[in-house]
Colleague: 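I'd like to ask you about the structure that follows.
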Protein chains: 2
Amino acid sequence: MLTTQRRALISARLARDGEIVAKRMADELNLSEDTIRRDLREMAAEGLLKRVHGGALPLAPPLPNFAARQEIAGDVKWRLGRKAAAMIEAGQTIFLDGGTSNAEIARALPREMPITVITHSPTIAAELERHEAEVILIGGRLYKHSMVATGAATIAAIAGVRVDLFFLGVTAIHPAHGVSTGDFEEAAVKRAILGQAAEIYVLATAEKFGAVSPHRVAGIADLTGFIVPEETGAETLAPYEDADIAIVRA
Amino acid sequence: MLTTQRRALISARLARDGEIVAKRMADELNLSEDTIRRDLREMAAEGLLKRVHGGALPLAPPLPNFAARQEIAGDVKWRLGRKAAAMIEAGQTIFLDGGTSNAEIARALPREMPITVITHSPTIAAELERHEAEVILIGGRLYKHSMVATGAATIAAIAGVRVDLFFLGVTAIHPAHGVSTGDFEEAAVKRAILGQAAEIYVLATAEKFGAVSPHRVAGIADLTGFIVPEETGAETLAPYEDADIAIVRA
DNA sequence: ATATTTCGTGCAATATCGTGAAGAGTCAAG
DNA sequence: CTTGACTCTTCACGATATTGCACGAAATAT
């Protein structure tokens, strides 16, 4: 990435998000924080932004949607996505399930990390247009409610891949009933993917705990771990910690 | 390689990728960086690009990628999309190729029409989220420049379907050389789809006529027809009308 | 009050730049 | 056919830019 482009990206981010966090930006671009801080310093000297401790702010007030972005639950999923993306190492192959949470992972993936991403969701694939990752699209009949491919062709295609990490999306997590989802076909596809993955993580926002959906995907013990929001209470998680799975906080 | 050709290539790359990295370009052409740098310097002096440390950037608001092309696509493609959509009848199965033109067809499809849409483009599939159509997604390795699946898995999946109508996207249309595109794998996939389609139409904006791209997809006689903008001149189309194909105006 | 994070600076390693000189090829006049 | 002017390319080299790391200082968090 050329220096000029990096600065342009910083400007764009600043306009869109209303802030730059030096550390995040460094992570995302796989550069040292020094480089980013230097950019911010020099751009501040040129009067392009306002330097603050930890990052930078725009000179002009940010776009209106920023306030909304901060407040809504989107922020929680965004943090979960960041955390999940941070667990991925260069060279790995990962499977991204459908859903908004996993779309956040796709957005949070460092752009220049050499990885392979497999997905059966056209929406997720579309998110990865500008990433360097090799993307493998799994086909099948499109189930529009979740925007993922399902059916026999999908199951068959999944049988042909192996992945290091699977980020599973579900609608419900229960200590006794395991993780479950609302569609029969979709559950079958998720189970097929489970069989091909070395590690399985579930992105879990608080409201999913204790819920049960019609179609079971897996038991708690079949998972490697959960990724939960920082503020998820101990009472909520207590029943799951016995299952000897990792709980990663974001 | 002639200097003129090299410069043309640089311009093309810049338009497509949105950046030139001097070292990469030198490697690719087996030339010294000096030569490339000199080109960049002089092209910058002529006002053709913006020289930056490490390479060059386009002058104009950049944007090579699919999303941007989609935005500037504009009115002509919208009208072609409308016309193409009007040719589809209830109950039919159609295959939508990738590309901005076909994305317009997807947008123009009547929402409640009972049809089956097959596509190997996640972007097109995403467009159809709110449509009633049954959508079959063809998987494979994602070729990001065009945002379509390619490769052996794609070809195999295509072999399992039959369609009434195929809307083929190409970058060039020539009376003698037929229709062609820029990527080898992509061309192979398009040929595979051709074999499964009863009728084949090409959405053709004026600038494609008379052009030739590296990888041939089909001859003019293999097509059922073109869909062209209303204002496309008779001189442009004359060489193609002999081939006894339908030319549908939008 | 103490621990942690972030900052700025200096420095060394590397990458890229521009310039000038040398080598290779082209072409036309002699 | 040869010579010389011209162009294009590569190489050499000193100058400049960029990046990552180390370290003490400042800011922030606990």
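Lettering follows sequence order; numbering is per chain, from 1.
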Colleague: So which nucleotide from dG8(C), dG20(D), dA12(D) ends up closest to the side chain of Thr35(A)?
Modeller: dG20(D)
Colleague: Please check: side-chain N/O of Ser32(B) versus main-chain N/O of Ala26(B), any donor-acceptor pairing under 3.5 Å?
Modeller: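 Absent.
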Colleague: Taking any heavy-atom pair under 4.0 Å as a contact, classify Val21(A): base, sugar-phosphate, or nothing.
Modeller: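 Val21(A): no heavy atom of the nucleic acid under 4.0 Å.
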Colleague: Using heavy-atom distances to pick each residue's nearest nucleotide on DNA chain D, tell me which of Arg38(B) and Thr3(A) is more 5'.
Modeller: Arg38(B)
Colleague: Under a 3.5 Å distance rule, please check whether Tyr240(B) uses its side chain to pair with a backbone N or O of Ile173(B) as donor and acceptor.
Modeller: yes
Colleague: What integer distance in Å separates Leu40(B):CG from dT16(C):P?
Modeller: 13 Å
Colleague: Given Ile245(A), which partner from the list Ile200(A), Val202(A), Thr224(A), Ile220(A) fulfils the side-chain contact (heavy atoms from CB on, under 4.5 Å) test?
Modeller: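 Only one option passes, and that is Ile220(A).
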Colleague: Grab the CG-P distance between Asp34(A) and dC11(C) for me, whole Å please.
Modeller: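 Atom-to-atom, Asp34(A) to dC11(C), this comes out as 16 Å.
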Colleague: Can you give me the bend angle of the helix from dA1(C)-dT30(D) to dG30(C)-dC1(D)? Use the axis through the first five pairs and the one through the last five, nearest 10 degrees.
Modeller: 20°
Colleague: Can you measure Arg37(A) atom CZ to dG10(C) atom C1' for me and round it to whole angstrom units?
Modeller: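 About 14 Å, once rounded to whole Å.
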Colleague: Has Thr154(B) got a side-chain atom pairing as donor or acceptor with Gly139(B)'s backbone, closer than 3.5 angstrom?
Modeller: yes
Colleague: Quick one: which of dC17(C), dT19(D), dA22(D) gets closest to the side chain of Ala22(B)?
Modeller: dC17(C)
Colleague: Please tell me which of the listed nucleotides, dA17(D), dG20(D), dG18(C), lies nearest to the side chain of His53(B)?
Modeller: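 Taking heavy atoms from C-beta onward, the closest nucleotide is dA17(D).
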Colleague: Mind calculating the distance between CZ (Arg6(A)) and P (dA17(D)) to the nearest angstrom?
Modeller: 15 Å
Colleague: Nearest whole Å is fine: how far is dG20(D) P from Met1(A) CE?
Modeller: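 So the CE-P distance, Met1(A) to dG20(D), works out to 13 Å.
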Colleague: Quick one: Arg41(B) CZ to dG20(C) C1', roughly how many Å, whole number?
Modeller: 12 Å
Colleague: Please state how far atom CG in Asp27(A) lies from atom P in dG20(D), giving the value in whole angstrom units.
Modeller: 13 Å
Colleague: How many Å lie between CD1 on Ile36(A) and P on dC21(D), as a whole number?
Modeller: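 Value for this atom pair: 14 Å.
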Colleague: Considering only side-chain heavy atoms of Leu31(A), which listed nucleotide, dT10(D), dG20(D), dT9(D), is closest?
Modeller: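 Minimum distance to the Leu31(A) side chain belongs to dG20(D).
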Colleague: Just one of Arg13(B), Lys50(B), Arg24(B), Arg51(B) clears the salt bridge (charged side-chain N to carboxylate O under 4.0 Å, His left out) bar with Glu19(B), so which one?
Modeller: Arg24(B)
Colleague: Is it the case that the side chain of Asp222(A) and the backbone of Gly219(A) share a donor-acceptor pair, with hydrogens and angles ignored and the cut-off at 3.5 Å?
Modeller: yes
Colleague: I want to check one thing: is the phosphate of dT6(C), taken as OP1 and OP2, less than 4.0 Å away from some side-chain N or O of Arg24(A)?
Modeller: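 It does not, given that no N or O in the side chain of Arg24(A) lies less than 4.0 Å from OP1 or OP2 of dT6(C).
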Colleague: Check this for me, if you would: do Arg38(A) and Glu42(A) make a salt bridge, where the nitrogen-to-carboxylate-oxygen distance has to be below 4.0 angstrom?
Modeller: no
Colleague: From the set dG18(C), dG8(C), dT10(D), return the single nucleotide nearest to any side-chain atom of Arg51(A).
Modeller: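 Shortest atom-to-atom distance from the side chain points to dG8(C).
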